[in-house]
Student: 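Here you go, one structure.
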Amino acid sequence: MKIATYNVNGVNGRLDLLLRWLHEAEPDAVILQELKAPDANFPAKAIAAAGYGAVWHGQKSWNGVAILARGQKPHLTRKGLPGEPEDEQSRYVEAIVDGVVIGGLYLPNGNPYPGPKFDYKLRWFQRLQAYAAELLELEVPVVLVGDYNVMPTELDVYKPERWTNDALFRVEVREAFRDLVGQGWTDALRELHPGERIYTFWDYFRNAYARDAGLRLDHFLLSPDLAARLRKAEVDKHVRGWEHTSDHAPVWIELSEKPSKKRKLK
DNA sequence: ATGACCTCCCGTGGAGGA
């Protein structure tokens with residue numbers, strides 16, 4: 001099973017590229033972030049014509065997340081994280097695809113630091129931690145995947161010293177990520193590529209992609225049973241080089257099939 | 001230290017992004 005995440009930076013403005021990449025990559029499930037479209041404007045028909053069912057949690061202008069599944073409609077289990085009912089930003093959607101609980105998320109950016117946006121980011125992270133702990137207790141296959149807006153370590157930043165006071169790299173945010181992973185999750189890309197420089201985002205500014213001045217912001221956190229099934233974890237870096245592309249590249253993992261449930265006969 | 005670039009909005013520049 002191939003699961004991908006892609007911050008499209010505008011699902012309608014980027015629809016042609018999304019369809020091109022879907023056709024090329026053929027993932028079984030996809031989590032999209034930054035739809036930048038209200039529910040009514042989600043391009044469900046074009047995505048269905050490409051062979052994908054979808055559930056989505058949109059919002060006018062900003063944010064917005066969706067889950068796509070090839071040849072089926074994802075079974076929606078949640079929109080929004082618990083813990084702050086007055087939070088109206090569309091940043092979490094959850095669905096089951098082929099027996100895997102997929103929590104698709106778009107963590108707040110948090111800039112500028114310090115300030116209310118940074119505080120909101122930390123609160124959102126705390127809510128994610130609390131909910132993630134509940135998911136782990138269920139002991140079912142879960143992946144928490146999306147744009148975390150965090151570079152977890154210095155290896156994940158082209159020039160770490162430039163980012164120390166940025167909300168994406170502040171020590172509080174890195175600690176929050178580390179604490180989350182410490183619950184028992186596996187960072188899929190790091191698990192298979194320890195010590196390797198891997199980026200998933202390149203700024204539009206300053207020719208960042210050509211200089212490979214990137215950040216690793218998009219992460220897959222796997223529950224223990226999914227971690228045991230992890231086979232590949234890669235970035236479709238070339239997509240960032242396409243014309244009119246998003247500033248993020250698609251990232252994907254490949255899981256082996258479920259272990260068979262054969263039992264020994266007594 | 002700043003702004004570079006890109007998206008969306010009912011806009012004709014501003015806000016948000018990272």
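Naming: A, B, ... by sequence-line order, numbering from 1 per chain.
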Student: With a sphere of 6.0 Å drawn around CZ of A/Arg162, does it hold more than 12 non-hydrogen atoms of other residues, nucleotides or ligands?
Tutor: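 Not buried by this count: 12 neighbours or fewer within 6.0 Å.
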Student: Measure from CG on A/Asp203 to C1' on B/dG3 and round the result to the nearest Å.
Tutor: 11 Å
Student: A/Asn7 near the nucleic acid: base, sugar-phosphate alone, or nothing, with a heavy-atom cut-off under 4.0 Å?
Tutor: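 Counting heavy atoms under 4.0 Å across all strands, the contact made by A/Asn7 is with sugar-phosphate only.
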Student: Name every residue in residues 54-68 of chain A that has at least one heavy atom under 4.0 Å from any atom of DNA chain B, in order of residue number, or write none if there are no such residues.
Tutor: A/Lys60, A/Ser61, A/Trp62
Student: Does a sphere of radius 6.0 Å around CD in A/Glu139 hold more than 12 heavy atoms from other residues, nucleotides or ligands, not counting ones at 6.0 Å or beyond?
Tutor: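 No, because the 6.0 Å sphere around CD of A/Glu139 holds 12 heavy atoms or fewer from other groups.
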Student: Taking the C1' atom of each, how far is B/dT2 from B/dT12, in whole Å?
Tutor: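 B/dT2 and B/dT12 have their C1' atoms separated by 26 Å.
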Student: Go through A/Phe177 and A/Tyr148 one step at a time and tell me if the ring-ring contact (aromatic ring centres under 6.0 Å, His included) criterion holds.
Tutor: CA-CA 9 Å; A/Phe177 186 83; A/Tyr148 280 74; 5.6 Å; yes
Student: Just how far, in rounded Å, is C1' of B/dT7 from OH of A/Tyr6?
Tutor: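 In whole Å, B/dT7 C1' and A/Tyr6 OH are 14 Å from each other.
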Student: Hey, does A/Gln72 have a side-chain heavy atom less than 4.5 Å from the side chain of A/Tyr52?
Tutor: no
Student: Reading DNA chain B from 5' onward, which residue's closest nucleotide shows up sooner: A/Asp166 or A/Leu35?
Tutor: A/Leu35
Student: Can you pull out the residues from residues 205-218 of chain A that lie within a 4.0 Å heavy-atom distance of DNA chain B?
Tutor: A/Phe205, A/Arg206, A/Leu215, A/Leu217
Student: Relative to the 5' end of DNA chain B, which residue comes earlier, A/Gly110 or A/Thr245, by the nucleotide with the nearest heavy atom?
Tutor: A/Thr245
Student: Take atom NZ of A/Lys36 and atom P of B/dC10, then tell me their distance rounded to the nearest Å.
Tutor: 15 Å
Student: Between B/dG11 and B/dG16, how far is it from one C1' atom to the other, in whole Å?
Tutor: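 Going atom to atom, C1' in each nucleotide, I get 15 Å.
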Student: Round to a whole Å and report the spacing from CD of A/Gln33 to C1' of B/dG17.
Tutor: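 Taking CD of A/Gln33 and C1' of B/dG17, I get 14 Å after rounding.
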Student: Give a yes or no on whether a salt bridge exists between A/Arg216 and A/Asp187, defined as a side-chain N under 4.0 angstrom from a carboxylate O.
Tutor: yes
Student: For A/Tyr106, answer base if it contacts any base atom (sugar-phosphate contacts may also be present), sugar-phosphate if it contacts only those atoms, and nothing otherwise; contact means non-hydrogen atoms under 4.0 Å.
Tutor: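 Touches sugar-phosphate only.
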Student: Does A/Asn109 get its side chain close enough to the base of B/dA18, under 3.5 Å, for a donor-acceptor pair?
Tutor: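 Side chain to base: pair present.
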Student: Could you give the CG-to-P distance, from A/Asp147 to B/dG16, as a whole number of Å?
Tutor: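 In whole Å, B/dG16 P lies 18 Å from A/Asp147 CG.
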Student: For A/His244 and B/dC6, is the shortest distance between a side-chain N/O and OP1 or OP2 below 4.0 Å?
Tutor: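 Answer no for this pair, as no side-chain N or O of A/His244 is under 4.0 Å from OP1 or OP2.
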Student: Need one value for A/Lys121: base, sugar-phosphate or nothing, where a base atom within 4.0 Å counts as base even if backbone is also close, heavy atoms only.
Tutor: nothing
Student: Measuring only the P atom in each nucleotide, how far is B/dA1 from B/dG17? A whole number of Å is fine.
Tutor: 24 Å
Student: Is a side-chain donor-acceptor pair under 3.5 Å present for A/Gln33 with A/Asp147?
Tutor: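 No, A/Gln33 and A/Asp147 have no side-chain donor paired with an acceptor closer than 3.5 Å.
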Student: Separation of A/Asn165 atom CG from B/dT2 atom P, in whole Å?
Tutor: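 These atoms are roughly 13 Å apart.
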Student: For a side-chain contact (heavy atoms from CB on, under 4.5 Å) with A/Asn109, tell me which candidate from A/Asp166, A/Asn149, A/Leu217 qualifies.
Tutor: A/Asn149
Student: Is the Lys NZ or Arg CZ of A/Arg127 less than 6.0 Å from the centre of A/Tyr92's six-membered ring, within 45° of the axis?
Tutor: no
Student: Less than 3.5 Å apart, any donor N or O on the side chain of A/Thr186 or A/Glu191 sitting next to an acceptor on the other?
Tutor: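 No, no side-chain donor-acceptor contact under 3.5 Å.
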Student: Please determine whether a side-chain nitrogen of the Lys or Arg among A/Glu234 and A/Lys232 lies less than 4.0 Å from a carboxylate oxygen of the Asp or Glu.
Tutor: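 Not counted as a salt bridge, because no side-chain N and carboxylate O are separated by less than 4.0 Å.
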Student: Side chain of A/Arg91: nearest nucleotide among B/dA18, B/dT7, B/dG17?
Tutor: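 Among the listed nucleotides, the one closest to the side chain of A/Arg91 is B/dG17.
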Student: Please give, in whole Å, the distance from B/dC8 C1' to A/Tyr204 OH?
Tutor: 12 Å
Student: Treat each ILVMFWY residue as a node, draw an edge where side-chain heavy atoms are under 4.5 Å apart, and state whether A/Leu136 and A/Val143 are in one component.
Tutor: no
Student: Between B/dA15 and B/dC10, how far apart are the P atoms? Round to whole Å, please.
Tutor: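 Here B/dC10 and B/dA15 have their P atoms 15 Å from each other.
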Student: Is there a side-chain polar atom (N or O) of A/His248 under 4.0 Å from OP1 or OP2 of B/dG17?
Tutor: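 Answer is no, no contact under 4.0 Å.
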Student: Using whole Å, report how far CG of A/Asp247 lies from P of B/dC5.
Tutor: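 Value for this atom pair: 14 Å.
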